[in-house]
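Take a look at the structure set out below.
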Amino acid sequence: MQEQYRTVARAGVHETEVNRSRFLCALAPAATEQEAQEFVARVRREHPTATHNCFAYVIGADASVQKASDDGEPGGTAGVPMLQMLMRRDARYVVAVVTRYYGGVKLGAGGLIRAYGGAVGEALDTLGMITRRRFRLATVTVDHQRAGKLENDLRATGTTVHEVRYAESVTIGIALPDAEVEEFRSWLADATAGSATFEPGGETYGDVRAG
């Protein structure tokens with residue numbers, strides 16, 4: 001797994017105008033290729049009278065899935081520059097659809113490439129991007145007496161707490177960067193006088209908090 005990747009912070013639409021043609025770039029996070037395709041289909045339904053609905057998406061932290069469509073524009077003048085802009089910005093798990101309403105002035109191949117790529121770049125700037133980092137999931141088990149303070153200490157130190165379950169003992173699901181696992185083990189032993197157990201699990205990606 002990649003250590004981290006960047007993606008669009010939220011779904012949204014940014015509009016630009018080039019020589020009277022309107023370019024509406026709709027961006028959204030997409031966890032799977034199916035989600036990306038469903039987003040493309042939804043945008044096309046919202047703009048049935050548009051001249052073109054071109055798209056590009058990148059799925060996978062390692063960009064293992066890359067697709068693009070010119071949707072009737074001259075080959076390589078729309079989908080490819082959109083995809084190139086996503087890749088240039090290191091955007092992953094993201095889908096972009098640029099809807100064009102023709103304004104009566106032909107842009108030429110170079111103009112189209114600049115317009116479609118630029119629409120995606122401006123939309124990324126407007127909506128913002130976030131970094132998601134690889135985390136190790138783990139379970140901490142502790143007695144009831146220490147559970148409340150430990151949970152507070154975990155949250156206070158910025159450790160991501162997913163869930164807390166109370167049974168005979170208390171299990172706390174957490175996520176932390178791989179590089180911090182050994183340091184966390186030591187901290188946990190000190191914080192609980194060696195009474196807590198730590199069990200590492202799988203991996204996931206989570207947002208990197210600013211600061």
Any Thr197 side-chain heavy atom under 4.5 Å of Val140 side chain: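 No - every pair of side-chain heavy atoms lies 4.5 Å or more apart.
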
Arg155 side chain near Thr159 side chain, heavy-atom distance below 4.5 Å: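 They are not in contact (no side-chain heavy atoms under 4.5 Å apart), so the answer is no.
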
Backbone of Gly72 reached by a side-chain donor or acceptor of Asp70 within 3.5 Å: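 Not at all, since once roles are kept as given, no pair shorter than 3.5 Å links the two residues.
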
Backbone N/O of Ala31 and side chain of Glu35: donor-acceptor pair under 3.5 Å: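 At least one qualifying donor-acceptor pair exists.
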
Pairs where residues 9-19 contributes a residue and the test side-chain hydrogen bond (donor to acceptor under 3.5 Å, both in side chains) is met, not counting sequence neighbours: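 Output for this query lists His14-Glu122, His14-Thr126, Glu15-Arg22.
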
Residue pairs fulfilling side-chain hydrogen bond (donor to acceptor under 3.5 Å, both in side chains) with at least one residue in residues 98-118, sequence neighbours excluded: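 Listed once each, the pairs are Ser21-Arg100, His47-Tyr101, Asn53-Thr99, Glu73-Arg100, Glu73-Tyr116.
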
So, taking the atom named [atom1] in [X] and the one named [atom2] in [Y], what distance separates them when rounded to the nearest 0.5 Å?
X: Leu188; Y: Glu183; atom1: CG; atom2: CD; value: 12.5 Å
X: Thr157; Y: Asp153; atom1: OG1; atom2: CG; value: 7.0 Å
X: Thr7; Y: Arg132; atom1: OG1; atom2: CZ; value: 8.0 Å
X: Phe23; Y: Leu107; atom1: CZ; atom2: CG; value: 5.0 Å
X: Leu83; Y: Cys54; atom1: CG; atom2: SG; value: 13.0 Å
X: Thr204; Y: Arg133; atom1: OG1; atom2: CZ; value: 13.5 Å

Partners meeting side-chain contact (heavy atoms from CB on, under 4.5 Å) with Ala91 (sequence neighbours left out):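 So Ala91 forms a side-chain contact (heavy atoms from CB on, under 4.5 Å) with Leu86, Val94, Met129.
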
Derivation and outcome, salt bridge (charged side-chain N to carboxylate O under 4.0 Å, His left out), residues Arg89 and Asp125: CA-CA 10 Å; Arg89 297 292 189 89; Asp125 289 339; 3.0 Å; yes

Membership question, hydrophobic clusters at under 4.5 Å side-chain separation (ILVMFWY): are [Y] and [X] in the same one?
X: Met82; Y: Val13; value: no
X: Ile59; Y: Met85; value: no
X: Leu127; Y: Val95; value: no
X: Tyr5; Y: Met87; value: no
X: Leu27; Y: Ile130; value: no

Pairs satisfying ring-ring contact (aromatic ring centres under 6.0 Å, His included), at least one member in residues 169-188, at least two apart: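 Found Phe184-Trp187, Phe184-Phe198.
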
Pairs where residues 54-88 contributes a residue and the test ring-ring contact (aromatic ring centres under 6.0 Å, His included) is met, not counting sequence neighbours: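 Matches after skipping sequence neighbours: Phe55-Tyr57.
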
By salt bridge (Lys or Arg N to Asp or Glu O under 4.0 Å) - contacts of [X] (at least two apart):
X: Arg88; answer: none
X: Glu33; answer: Lys67
X: Arg136; answer: Asp178, Glu203
X: Asp90; answer: none

Residue list, ring pair (Phe, Tyr, Trp, His ring centres under 6.0 Å) with Phe39, at least two apart or on another chain: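 With sequence neighbours excluded, Phe39 shows a ring pair (Phe, Tyr, Trp, His ring centres under 6.0 Å) to no residue whatsoever.
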
Ignoring hydrogens, what is the shortest heavy-atom contact between [X] and [Y]? Give both atom names and the distance.
X: Ala11; Y: Pro29; answer: N-CD, 4.0 Å
X: Ala123; Y: Cys25; answer: CB-SG, 3.6 Å
X: Ala63; Y: Arg92; answer: CB-NE, 3.5 Å

From CA spacing to verdict: side chain to side chain contact (heavy atoms under 4.5 Å, CB included), Leu154, Asn152: CA-CA 5 Å; Leu154 288 170; Asn152 288 338; over 6 Å; no

Pairwise salt bridge (charged side-chain N to carboxylate O under 4.0 Å, His left out) hits with a residue in residues 41-53, at least two apart: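 Found Arg44-Asp71.
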
Listing, residues 163-177 side-chain donor-acceptor contacts under 3.5 Å, not counting sequence neighbours, or none:
residue: Glu163; atom: OE1; partner: Arg165; partner atom: NE; Å: 3.4

Between Arg146 and Ser195: side-chain donor-acceptor atoms closer than 3.5 Å: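 Side chains of Arg146 and Ser195: pair found under 3.5 Å.
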
Test side chain to side chain contact (heavy atoms under 4.5 Å, CB included) applied to Leu24 and Val98, step by step: CA-CA 5 Å; Leu24 290 79; Val98 175; over 6 Å; no

Side chain to side chain contact (heavy atoms under 4.5 Å, CB included) between Leu137 and His162, worked out: CA-CA 9 Å; Leu137 296 172; His162 286 302; 3.5 Å; yes

